[in-house]
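Quantities reported herein were computed from a predicted structural model and do not represent experimental measurements. Every chain is numbered from 1 and lettered A, B, ... according to where its sequence line falls, protein lines coming before strand lines.
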Number of protein chains: 2
Amino acid sequence: MNSENFLVDYFSQYMTLSEEEVNIIKSEDIIREYKKGDILLREGQLAKECFLVLKGCVKRYYLDDGEEKIVEFYTENDPISPVSYITKEPSQYNISCIEPSIISTGTEERTQRFLQKFPRFVPIFIKIGESLTAEKQVFLDEVKNLSPEVRYQKLLETKPDLINRVPQYMIASYLGIQPESLSRIRKRLWSDT
Amino acid sequence: MNSENFLVDYFSQYMTLSEEEVNIIKSEDIIREYKKGDILLREGQLAKECFLVLKGCVKRYYLDDGEEKIVEFYTENDPISPVSYITKEPSQYNISCIEPSIISTGTEERTQRFLQKFPRFVPIFIKIGESLTAEKQVFLDEVKNLSPEVRYQKLLETKPDLINRVPQYMIASYLGIQPESLSRIRKRLWSDT
DNA sequence: TTCATTTCTTAACCCAAGTCAATGAAAAGG
DNA sequence: CCTTTTCATTGACTTGGGTTAAGAAATGAA
């Protein structure tokens with residue numbers, strides 16, 4: 001239950017860690033706890049940190065005419081690498097916790113140092129970045145060509161937990177539809193048995 | 001009108017080139033001409049090259065139930081870095097010319113060598129990649145939250161030439177709608193004066 | 001518990017996109 | 001040049017999401 005083991009567990013998904021690596025990760029790791037509603041990054045700010053959600057749930061969103069448009073949800077083991085963190089330009093998005101969350105924080109400087117010391121991690125980092133890019137493209141194709149109903153079904157399959165822990169109006173926002181529409185979709189799917 | 005100057009022009013957009021750099025670029029550059037319909041990359045193949053469109057027009061698409069879904073158009077000065085080129089996994093997409101085109105071809109090996117020799121180009125390469133990522137996110141948000149009609153209008157603004165050089169049914173495919181719908185959208189916009 | 005607030009559902013109506021079918025226009029090929 | 005094929009438009013109809021408004025259900029605070 002020691003929270004300092006979260007990050008070790010994360011990397012263990014991808015590779016077997018040596019004792020030295022485990023120790024470095026433990027010692028380097030900065031883990032913070034956040035309350036529901038806490039903000040990790042504000043629109044207009046420069047992101048100086050990237051994140052890894054160890055526990056909890058986080059949303060990335062922007063405000064369009066006062067209305068919150070949710071772009072992405074992050075839960076356990078999801079890395080968050082804000083565009084602003086990479087480009088050094090002010091963020092277009094807000095990132096905030098929608099549950100009490102435990103989150104590991106990375107900085108450029110510490111990441112560099114870590115990768116220099118353990119170069120065998122570099123390909124993993126690259127691979128993670130690539131698969132995120134590929135996922136995003138597939139997702140765009142789906143949004144363009146599939147109905148909200150089908151996309152909701154896909155979401156049920158790929159992230160079944162989300163539906164139980166996130167209010168429906170946020171799911172609707174994420175799908176790009178109104179809460180009323182999502183309600184009808186659910187009704188339709190249910191009656192089709 | 002010497003075609004070997006295209007690539008030099010491309011980089012000149014971003015920085016002033018020394019004579020040595022110009023010469024290297026000219027000598028290294030591999031430029032090929034393609035006919036309408038020629039295929040740059042096939043679904044299932046491994047991309048060993050990346051591209052820069054110097055002249056002409058290229059589409060990236062996939063087949064869904066025999067139907068062509070266009071993901072992106074590339075025209076003059078657009079770089080094409082296939083996901084497959086980066087991940088070394090078989091391509092999910094086809095890339096082919098929809099006009100006679102002149103295209104510069106890059107390989108991993110030559111790019112590495114070039115960047116090693118002229119490290120000052122590295123940040124430019126990174127910057128181009130980043131801005132593509134950011135653009136893609138914005139585009140995803142638009143697809144999710146804007147109507148096809150508004151997206152068509154945006155396309156008219158951002159790539160006014162496309163509408164004149166690409167058949168409408170391809171524009172429709174790119175927008176994720178049926179040709180009939182695009183036809184009606186155009187009619188609507190016209191009658192609104 | 002009770003009350004207030006937030007979240008979810010339902011209904012009625014409108015409008016835009018999908019579908020199918022027919023026709024008109026434009027390009028391509030001989 | 002004419003023919004054939006491809007592409008674009010239009011109409012009639014269906015369907016599903018947006019909007020507005022109302023009420024039900026869940027949540028939380030006092």
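When the C1' atom of D:dA26 is taken as reference, atom CD of A:Q168 falls 12 Å away, rounded to whole Å. As rounded to whole Å, 14 Å separates atom P of D:dT6 from atom CD of B:E68.
Listed candidates were D:dA8, D:dT9, D:dG17. Nearest to the side chain of A:I177 is D:dG17. Between D:dT20, D:dT9, D:dG16, one nucleotide has an atom nearer to the side chain of A:R188 than all others, and that is D:dG16.
Within the 4.0 Å cut-off from OP1 or OP2 of D:dG16, not a single side-chain nitrogen or oxygen of A:K187 is found. Applying the 4.0 Å criterion to OP1 and OP2 of D:dT20, one finds that A:Q178 has every side-chain N and O outside that range. A:S181 has no side-chain polar atom (N or O) that falls below the 4.0 Å cut-off from OP1 or OP2 of D:dG17.
Salt-bridge check for B:E89 with A:K127: passed, with a basic side-chain N closer than 4.0 Å to an acidic carboxylate O. A salt bridge does not link A:R184 to A:E180: none of the charged side-chain nitrogens sits closer than 4.0 Å to a carboxylate oxygen. Taking the charged nitrogens against the carboxylate oxygens, B:R165 and B:E99 do have a contact shorter than 4.0 Å, which makes a salt bridge.
Donor-acceptor pairing under 3.5 Å, judged by distance alone, is present between the side chain of A:R184 and the base of D:dG18.
Under the 4.5 Å side-chain heavy-atom criterion for Ile, Leu, Val, Met, Phe, Trp and Tyr, B:I95 and B:V71 are members of distinct hydrophobic clusters.
In this structure, the ring of A:F121 has its center no less than 6.0 angstrom from the ring center of A:Y14. Checked against the 6.0 Å centroid criterion, the rings of B:F118 and B:F114 qualify as a close aromatic pair.
By the 4.5 Å heavy-atom criterion applied to side chains, A:L175 and A:R151 are counted as neighbours.
Put simply, chain A comes within 4.0 Å of DNA chain C, heavy atom to any atom, from C:dT7 to C:dA12, going 5' to 3'.
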Applying ring-ring contact (aromatic ring centres under 6.0 Å, His included) to A:Y93 and A:Y61, what does each step give before you reach the verdict? CA-CA 6 Å; A:Y93 303 95; A:Y61 63 100; 9.2 Å; no
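Within the nucleic acid shown, A:I185 comes within 4.0 Å of sugar-phosphate atoms alone, with no base atom in reach, counting heavy atoms only.
Qualifying side-chain contact (heavy atoms from CB on, under 4.5 Å) partners for B:K88, counting only residues two or more places apart in sequence or in other chains: B:E108.
Using a 4.0 Å cutoff on non-hydrogen atoms, no part of residues 152-159 of chain B comes near DNA chain C.
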